[in-house]
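Following: one structure in structure tokens, then a few remarks.
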Amino acid sequence: MTVESTAARKPRRSAAGKTGTTGSKAAGTTGTRRAAAKKPTDAQPELVQLLTPEGKRVKNAEYDPFVADITADELRGLYRDMVLTRRFDAEATSLQRQGELGLWASLLGQEAAQIGSGRATREDDYVFPTYREHGVAWCRGVDPTNLLGMFRGVNNGGWDPNSNNFHLYTIVIGSQTLHATGYAMGIAKDGADSAVIAYFGDGASSQGDVAEAFTFSAVYNAPVVFFCQNNQWAISEPTEKQTRVPLYQRAQGFGFPGVRVDGNDVLGCLAVTKWALERARRGEGPTLVEAYTYRMGAHTTSDDPTRYRHDDERVAWEAKDPIARLRSHLESETDTNEEFFAELEAESEALGRRVREVVRAMPDPDHFAIFENAYADGHALVDEERAQFAAYQASFADVDEEEGK
């Protein structure tokens, strides 16, 4: 085990570019009280780590058994998963910047948390994601191009959830934890020995839906794993403004265990999630896993993280990059050669080309679909808004015609 970095606890920069606590007054009693109030979280807990940022294997008596039989080929498979997921994510970000997608939520930096936990699931387990679990979708066999239709505005999901036991992306923050709990209670009543895993972020942990899910899952001993990717920022709010204690400790108040794992360590995430899922399958109830990681990019492509966090914070986390650490381990501890990395690079570029081709072949979204089905029999206000929007759209045609002349 190793104590986590203190990089995420550096002073924040406000939108105005100043360093310090947003909205704080000049030095005085208020600042003193705030400093004193933060003392309980100053001493950070240890976290499960099986692979250091340098790629060195760390022994852990409790979780080693869950990855004891992993082979070099399987390690290369985890590396391939992370590389291809990152390449897909980068292509989707570029496509949004080029106007092909309306929005994109990047997973950059969170590949180990998603691939490690995703590969821990069995085929008969059921996954409830948010809108950022592109790596988990990859592990569940969902074609990555199917994730893009919703972000282009041409469908409401793009895949059959029951084909891969991977639910549609959930945009409403935290609601999928309740869906997962209900599903888990159902399969328990059916006598199945499968488990459910629900993904959410540190910001979602403040939602009432998550607290309700914790309550129901504990009381009914539901076979569900709550997997929280703590990427340090709920859009522009840091974790210390979400909670006074480490997130995984919240589970204690609901009567089930919680564990914090290095979210940039794919082996650690694999082992801890396997442990939690097996515990659920044995009928021992829910578990909260906090994957302590970092969102390297923006919250979504509509966000500008430079307005609320320091560049040196990102640099500190770049040194813990999940892909780089596994590559170091493969190069130093296995017989992996350069040919493997070269072939993977070629496969990565091929994936990028395929994603571009598929997205550009998609139809343009129906700009007026938003007004349909809002009311069964129509509504005067919706009709008025539709007419206003039609006039707005037509104004662009007038400009294009004028420029053409």
Side-chain angles (χ1 to χ4, degrees), residues 4-10 12-13 41 44-45 47-49 53 82 85-86 89-90 92-93 103-118 129-137 169-171 173-174 176-177 197-207 210 226-243 246-248 250 258-266 268-269 272-273 288-325:
E4 68 200 18
S5 169
T6 59
R9 298 196 300 280
K10 292 181 179 179
R12 311 296 179 189
R13 184 173 59 194
T41 60
Q44 292 293 316
L47 74 171
V48 176
Q49 185 183 82
M82 290 195 291
T85 298
R86 179 172 289 187
D89 181 68
T93 300
L103 189 73
W104 185 248
S106 174
L107 60 64
L108 183 62
Q110 299 177 220
E111 295 88 356
Q114 295 195 15
I115 297 301
S117 60
T130 64
Y131 46 78
R132 200 188 302 273
E133 272 66 64
H134 321 314
V136 185
Y169 276 2
T170 302
I171 306 300
I173 305 299
Q176 72 280 1
T177 58
I197 183 168
Y199 289 85
F200 60 100
D202 47 297
S205 69
S206 296
Q207 293 292 324
V210 175
F226 297 105
F227 195 91
C228 176
Q229 292 173 85
N230 179 1
N231 63 21
Q232 312 300 312
W233 290 95
I235 307 184
S236 59
E237 287 295 293
T239 307
E240 58 258 29
K241 290 190 177 181
Q242 299 288 326
T243 180
L247 291 177
Y248 78 96
R250 287 183 171 182
V259 60
R260 174 180 278 190
V261 61
D262 183 343
N264 286 18
D265 170 10
V266 69
C269 291
V272 168
T273 310
L288 172 60
V289 176
E290 178 193 357
Y292 196 80
T293 181
Y294 191 74
R295 191 192 76 216
M296 298 298 292
H299 173 70
T300 68
T301 46
S302 65
D303 172 43
D304 178 9
T306 64
R307 293 177 62 84
Y308 55 81
R309 68 184 189 190
H310 291 305
D311 290 339
D312 58 355
E313 181 178 288
R314 178 189 170 105
V315 170
W317 278 92
E318 283 178 345
K320 308 172 189 178
D321 183 86
I323 295 179
R325 75 169 68 182

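We count residues from 1, following the sequence as given. Computed from a predicted model, the values in this text were never measured in an experiment.
Applying the salt bridge (charged side-chain N to carboxylate O under 4.0 Å, His left out) criterion to R325, with sequence neighbours excluded, gives D262. Applying the side chain to side chain donor-acceptor pair (under 3.5 Å) rule to R295 yields the partners Y308; only residues at least two apart in sequence or on another chain are considered. With sequence neighbours excluded, no residue satisfies side chain to side chain donor-acceptor pair (under 3.5 Å) with S236. Considering only residues two or more places apart in sequence or on other chains, T93 meets the side chain to side chain donor-acceptor pair (under 3.5 Å) condition with none of them. Scored by the ring pair (Phe, Tyr, Trp, His ring centres under 6.0 Å) test, Y169 finds H134, W159 as partners (sequence neighbours excluded). Looking at residues two or more places apart in sequence or on another chain, you find a side chain to side chain donor-acceptor pair (under 3.5 Å) between S205 and R250.
Atom OH of Y294 sits about 11.0 Å away from atom CG of L108, to the nearest 0.5 Å. Atom-to-atom distance recorded for Q242:CD and L247:CG is 8.0 Å, nearest 0.5 angstrom. Taking CG from D202 and OH from Y292, the interatomic distance works out to 10.0 Å, rounded to the nearest 0.5 Å. Annotation: the span from Q176 atom CD to F226 atom CZ amounts to 10.0 Å, rounded to 0.5 Å.
The closest side-chain donor-acceptor pair between S117 and Y199 falls under 3.5 angstrom. Using a 3.5 Å distance cut-off with no hydrogens or angles, the side chains of E133 and T130 do pair a donor with an acceptor. Side chains of E313 and W233: a donor on one and an acceptor on the other come within 3.5 Å.
In this structure, the side chains of V210 and F200 come closer than 4.5 Å at one or more pairs of heavy atoms. Considering only heavy atoms from C-beta on, C228 comes within 4.5 Å of L288 through its side chain. Annotation: side chain of R86 is in contact with side chain of P322 (closest heavy-atom distance under 4.5 Å).
For A105 against T300, the heavy-atom pair with the smallest separation is CB-CG2, 4.2 Å. A pairwise comparison of heavy atoms in I323 and D321 identifies N-OD2, 3.0 Å as the closest pair. Residues A234 and G203 come closest through the heavy atom pair CB-CA, 3.4 Å. Minimum heavy-atom separation, F227 to A113: CZ-O, 3.6 Å. Minimum interatomic distance between P305 and A298 (heavy atoms only, all atoms of both residues): CD-CB, 3.6 Å. Minimum interatomic distance between A319 and P53 (heavy atoms only, all atoms of both residues): O-CB, 3.8 Å.
Checking side-chain atoms of Q207 against main-chain N and O of A204 turns up no donor-acceptor pair under 3.5 Å. A donor-acceptor pair is defined here as one N or O able to donate and one able to accept, closer than 3.5 Å; no such pair exists between the side chain of E290 and the backbone of R260. Counting only distance, with no hydrogens or angles, the side chain of N264 and the backbone of K320 share a donor-acceptor pair below 3.5 Å. Checked by atom type and distance alone, the side chain of D89 pairs as donor or acceptor with a backbone atom of L107 at under 3.5 Å. Remark: side-chain polar atoms of E318 are not paired, donor with acceptor, to backbone N or O of A316 under 3.5 angstrom.
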Check: Does the pair T239 and N230 meet the rule for a side-chain hydrogen bond (donor to acceptor under 3.5 Å, both in side chains), with working shown?
Finding: CA-CA 8 Å; T239 307; N230 179 1; 3.2 Å; yes
Margin query: Assess the residue pair T293 and Q229 against the criterion (side-chain hydrogen bond (donor to acceptor under 3.5 Å, both in side chains)); give the C-alpha distance rounded to whole Å, side-chain angles, the decisive distance to 0.1 Å, and a yes or no.
Written below: CA-CA 7 Å; T293 181; Q229 292 173 85; over 6 Å; no
Next item on the list: Test N231 against Q110 for side-chain hydrogen bond (donor to acceptor under 3.5 Å, both in side chains), laying out the working first.
Entry: CA-CA 8 Å; N231 63 21; Q110 299 177 220; 2.9 Å; yes
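Y131 and H299 have perpendicular rings, their planes meeting at more than 60° on a 0 to 90° scale where under 30° would count as parallel.
At a threshold of 4.0 Å, the pair R309-D304 does not count as salt-bridged, since none of the basic side-chain nitrogens sits closer than that to a carboxylate oxygen.
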